[in-house]
Amino acid sequence: MRAYKRCGCTALLLEPGTVHALPALPETLLGQGRVATAVGVDVPDKMKTRIPVVLLACGSFNPITNMHLRLFEVARDHLHQTGMYQVVQGIISPVNDKYRKKDLAAAQHRVAMVRLALQTSDWIRVDPWESEQAQWMETVKVLRHHHSELLSSLSQTEGPDHSGSVSLERAAVPELKLLCGADVLKTFQTPNLWKDEHIQEIVEKFGVVCVGRVGHDAKGYISASPILQRYQHNIHLAREPVPNEISATYIRQALGQGRSVKYLLPDAVISYIKDHNLYTRDSSWKGESTQHNAGERKAPRAMPETSHSSKGEAR
Amino acid sequence: MPFVKTTREVSDQQPQIVNMENSEKTDVVLLACGSFNPVTNMHLRLFELAKDYLNGTGKYRVIKGIISPVGDAYKKKGLISAHHRVIMAELATKNSEWVEVDTWESLQKDWVETAEVLRYHQKKLEAGSCHQQDSPVREKPGRKRKWAEQSQQFNQKKSLEPNIKDVPQVKLLCGTDILESFGVPHLWKSEDITKIVGDYGLICVTRAGNDAQKFIYESDVLWKHQNNIHLVNEWITNDISSTKIRRALRRGQSIRYLVPELVREYIEKHNLYNSESEERNAGVSLAPLQRNIADAKL
């Protein structure tokens, strides 16, 4: 009797001697074959039957900061600790320029900065799809897009099995979850900011991993909303053990005033900002974003900017 | 609440900007003493915030930052070997143009009081520039030298050139925790506190400006030298304490983006922090407490 194991990343059954069931899964999905765990985490046998998860963070990332990056690390640790999940990938999706938020640097720059920030990460990647669309789109649509991408990439690589003797289990589709800070959860309450059916779809079909923030009561927000309460089993509240409230707003202000932002965001991102003259005092007053913002304001953009960029409809 | 002079106002807006020629500015070296067990992004931020603040007053020019990890003889619980702590600090400052690590303190056999470390570095700076000096009136280390007249002469000749006769001043860089630790019985000698704020100066980066101001108000020594105590506000709650880092490591939690990447890799490679390392010096009395209590008995 051949001893089959389960792949630690995808929870698929493996033939003995193989590492992954599917020969050429996109690198992005498996992080080059490495099991994404924090250092020193005890990986019990249960790990092999865990549900694979992909974390998606939407936001302005204007610019990306160490705090955004921490969200991923904290969320991953939290999910792993439950014993039920295996986080296989993280995706950062910078918002479209058409979001027209004040001082929003061009998407091409925001994407480039995220890419630089992720150079040292082996499991998080940036996806420019949202930023490349013709218009701004609601979070749920971004989730749907990435979910279908996950589905199609798995079905592509499902082909004839290797040995013919035992058919492999159908690839387990990773669960795509929205990663955000507690401040985003709060914005669900703001009238007209989110469509109710979207909130429902997000928490029902996908799920949310919400990282705590100082001054926010995530549990309270959930209790205050019938929809959130109903699906609270699908809302994971992760606690950030090391409070680190770096706001992109502060970063932009500091840069505008010529103050240092070193150690608040990766060095490579700081160099990029300097090389491309972003977030200088002048560029923040430049016409484009403010001019377009003048006058008509649509509901999704009515949210005043709060400090954390990784939000839902409020980005 | 007591008044606070504008130059020390806890504000991230620059107080009155004094328009001084470079040669009139006081060159400052920021010295941070501590365990750095391990060094974190927060430690590094202290330097950046302090530099921006002092440069922003228009009276100072920060020319260097020094991280001076404490020696093993400090005997703090959980303190790992100075060798590693020094290397991590060096990795952390690898990409810094102005902050560096000094190993003198960590190499001493016995624990060295902070005032002594300040004195050592001040002397070192003076020795470095003394061959450039004429025979000046030797003032006490740390005091601003009265180069006003000479400065003006230099100004006329080469107004943009810094006055090489000025010796930089060493100032102690710290967080509120140090300021408040002045109140812990036997932790500091009162004459040392006087030296630190009297002869050198303190730059305290604080989140809770009011608490720090209150602390200064309630201490006669600090109050007397308040002109030499600069409070810099840290708007971002950046509570990356080394204790929490060590705790996270013991629990297998990620410390990415809280410490420089090179430091994180080094810690991982050498498995520096675990339950064992946290028990080092357990039950042992902290060196300053031991020394000060013993001295008090004499």
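Hydrogens, waters and symmetry mates are skipped; everything else that's a heavy atom, side chains included, is used. Proteins come first, then strands; the chains are lettered A, B, ... in the order of their sequence lines, and each starts at number 1.
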Quiz prompt | Residue part contacting chain A, namely of B/Ile267, when any heavy atom lies under 4.5 Å | solution = neither
Exercise. Identify which of B/Arg247, B/Arg250, B/Glu265, B/Lys244 forms the greatest number of heavy-atom pairs closer than 4.5 Å to chain A.
Key: B/Lys244
Practice problem: State plainly whether the residues B/Asp72 and B/Arg85 are in salt-bridge range, i.e. N to O under 4.0 Å. | Solution: yes
Exercise. Mark yes or no: A/Arg115 above the aromatic ring of A/Tyr272, with NZ or CZ under 6.0 Å from the six-membered ring centre and no more than 45 degrees from the axis.
Key: no
Exercise. Salt-bridge test for A/Asp217 and A/Lys219: reply yes if a basic N is under 4.0 Å from a carboxylate O, no otherwise.
Key: no
Self-check item: Contact winner vs chain B - A/Val261, A/Leu264, A/Val74, A/Thr65, heavy-atom pairs under 4.5 Å
Solution: A/Leu264
Practice problem: Please state whether the side chain, the backbone, both or neither of B/Thr40 comes within less than 4.5 Å of a heavy atom of chain A. | Solution: neither
Exercise. Measure up the A/His236 and A/Tyr85 rings against each other and bin them: parallel (under 30°), tilted (30 to 60°), perpendicular (over 60°).
Key: perpendicular
Quiz item: Between B/Arg264 and B/Glu261, is there a salt bridge with N-O shorter than 4.0 Å?
Solution: yes
Quiz item: chain B heavy atoms under 4.5 Å from A/Ser121: which part of the residue, side chain, backbone, both or neither?
Solution: both
